[in-house]
2 protein chains.
Amino acid sequence: MDKAVFIRESIYFLHRYMMKSLQKQAEDHGVTIPQARVIGDVYAHKIVSIKQLSQNLKMTQSTVSDIVERLVSKGFLVKTANANDKRVVDISLSAELAEDINESILQIANESLTGVLNLLTPNQQEKIVEGMQLLVSAVKEKMKAEGMDNYQFFDILYFSNDQNNKNRI
Amino acid sequence: MDKAVFIRESIYFLHRYMMKSLQKQAEDHGVTIPQARVIGDVYAHKIVSIKQLSQNLKMTQSTVSDIVERLVSKGFLVKTANANDKRVVDISLSAELAEDINESILQIANESLTGVLNLLTPNQQEKIVEGMQLLVSAVKEKMKAEGMDNYQFFDILYFSNDQNNKNRI
DNA sequence: ATAATATGAATCGCATACGATGTATCGTAT
DNA sequence: ATACGATACATCGTATGCGATTCATATTAT
């Protein structure tokens, strides 16, 4: 079978598995995966802007805006106008959520894949990581060659320069 | 960095790259990637039902139904009632599309990733494939363990038993 | 033969996801 | 001081993607 086909289908498959499996866990908390990711990032930074969230989570500003809006209406997040720059909206956890912020809600995103990796030997895990690194590097190279404008897009996987980012989902 | 985190983010990244990059190519033909996938499968089978498409492309029946509907309204596909079973809808290429069905529209999905792989040595490509196989196998095992009901879901990457499936996008 | 059940598809509601556009605000150049 | 461009965000339109429900048609059981 063609390698490209296999790889493409694999990525499709893995992505779908992640979304599906993680969602099943997340819905116990009444949130979706993207919502959990946003909450995790807000939790890690205490206060963030839409712009920052967009960069941290590698989603467009409009998508983040939508998700935040739903989380606000659910009472999980709070929006306040930024004093220094009225264009900016400060996003933080709501009082209730901040109180009993559940560690589980923050780790939803990793549990499932960790379980998968536990089925494999460290050696096999290493192979997967290596292959993944090769592919990601090649894709980045291709993107650069094609002049894919979104430079922020490149930052993914590097967790940027932000040290507070460790708790990010 | 945690392996699980790296892998999860990588899959996210790769999936996004595929969708974004492929879409750029596809929109020259006035279709999206999922639409191209549907057209490819219809092209390969000449006549298919929603159910079959759903199984071949690993999307839910409702999603396929929506996409087919858009392609019909664009004049790319045609729906006809099945004679043997009135519940079934036969889907085929429209006359115009069938005439000048562009090979390019069928290969949209692979071009991009092929370009990426060309940046790598055969040896590196093999590593990626191996790692991917390991991960996919592990995920399938996990799914089985968790009793993820969708058995059809498992078939992905196997291209089923259908020999006509070779041209599938 | 009729009732109960199963199946194929359409539809609805919701949640991403993105580009394009509009609006308010900020900085800066003139 | 004003005008212009840049920035941050919201909003709209469109396209997935999925589960739940509905509807018509088949199939099966009684």
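Quick note on labels: first sequence line is chain A, next is B, and so on, each numbered from 1.
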Value in whole Å for how far the [atom2] atom of [N] lies from [atom1] of [X]:
X: A/K58; N: C/dT16; atom1: NZ; atom2: C1'; answer: 19 Å
X: A/Q23; N: C/dC14; atom1: CD; atom2: P; answer: 15 Å
X: A/K20; N: C/dT16; atom1: NZ; atom2: C1'; answer: 17 Å
X: B/L53; N: C/dG8; atom1: CG; atom2: C1'; answer: 13 Å

Can a donor-acceptor pair be found between the side chains of A/T60 and A/T63 at a distance below 3.5 Å?
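Indeed, the side chains of A/T60 and A/T63 share at least one donor-acceptor pair under 3.5 Å.
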Can you list every pair that meets salt bridge (charged side-chain N to carboxylate O under 4.0 Å, His left out) and has a residue in residues 113-126 of chain A, with sequence neighbours left out?
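For residues 113-126 of chain A: A/E126-B/K3.
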Test: salt bridge (charged side-chain N to carboxylate O under 4.0 Å, His left out). Region: residues 84-98 of chain A. Which pairs qualify, not counting sequence neighbours?
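For residues 84-98 of chain A, and leaving out neighbouring residues, the salt bridge (charged side-chain N to carboxylate O under 4.0 Å, His left out) pairs sorted by first residue read A/D85-A/R87.
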Which nucleotide in C/dG19, D/dC18, C/dT25 has an atom nearest any side-chain atom of A/R16
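Selected nucleotide (nearest to the side chain): D/dC18.
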Residues in salt bridge (Lys or Arg N to Asp or Glu O under 4.0 Å) contact with B/K46, at least two apart in sequence or another chain
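Counting only residues at least two positions away or on another chain, B/K46 forms no salt bridge (Lys or Arg N to Asp or Glu O under 4.0 Å).
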Go through the steps to decide whether B/L93 and B/F76 satisfy the test side chain to side chain contact (heavy atoms under 4.5 Å, CB included), and finish with yes or no.
CA-CA 6 Å; B/L93 294 184; B/F76 289 158; over 6 Å; no
Produce the list of close N/O pairs, under 3.5 Å, pairing protein atoms with atoms of nucleotides 8-16 of chain D; give distances to one decimal.
unit_1	atom_1	unit_2	atom_2	d
D/dA8	OP2	A/K51	NZ	3.1
D/dC9	OP1	A/I50	N	3.4
D/dC9	OP1	A/V89	N	3.0
D/dC9	OP2	A/K51	N	2.6
D/dA10	OP1	A/K79	NZ	2.6
D/dA10	OP2	A/S65	OG	2.8
D/dA10	N7	A/Q61	NE2	3.0
D/dT16	OP1	B/T32	OG1	2.5
D/dT16	OP2	B/Q35	NE2	2.7
D/dT16	OP2	B/R70	NH1	3.3
D/dT16	O5'	B/R70	NH1	3.3

How large an angle, rounded to 10°, do the end axes of the helix from C/dA1-D/dT30 to C/dT30-D/dA1 enclose when each is built from five base pairs?
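It comes to 0° between the two terminal axes.
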Please confirm whether B/R8 makes a cation-pi placement over B/F13, using NZ or CZ under 6.0 Å from the six-membered ring centre and within 45° of the ring normal.
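So B/R8 doesn't make the cation-pi contact.
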Please tabulate, one pair per line, all N/O donor-acceptor pairs under 3.5 Å involving side-chain atoms of residues 128-137 of chain A, not counting sequence neighbours.
unit_1	atom_1	unit_2	atom_2	d
A/S137	OG	A/Q133	O	2.8

Evaluate the side-chain proximity of B/V42 to B/L71: yes if any heavy-atom separation is below 4.5 Å, no if none is.
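The answer is no; the side chains never approach within 4.5 Å.
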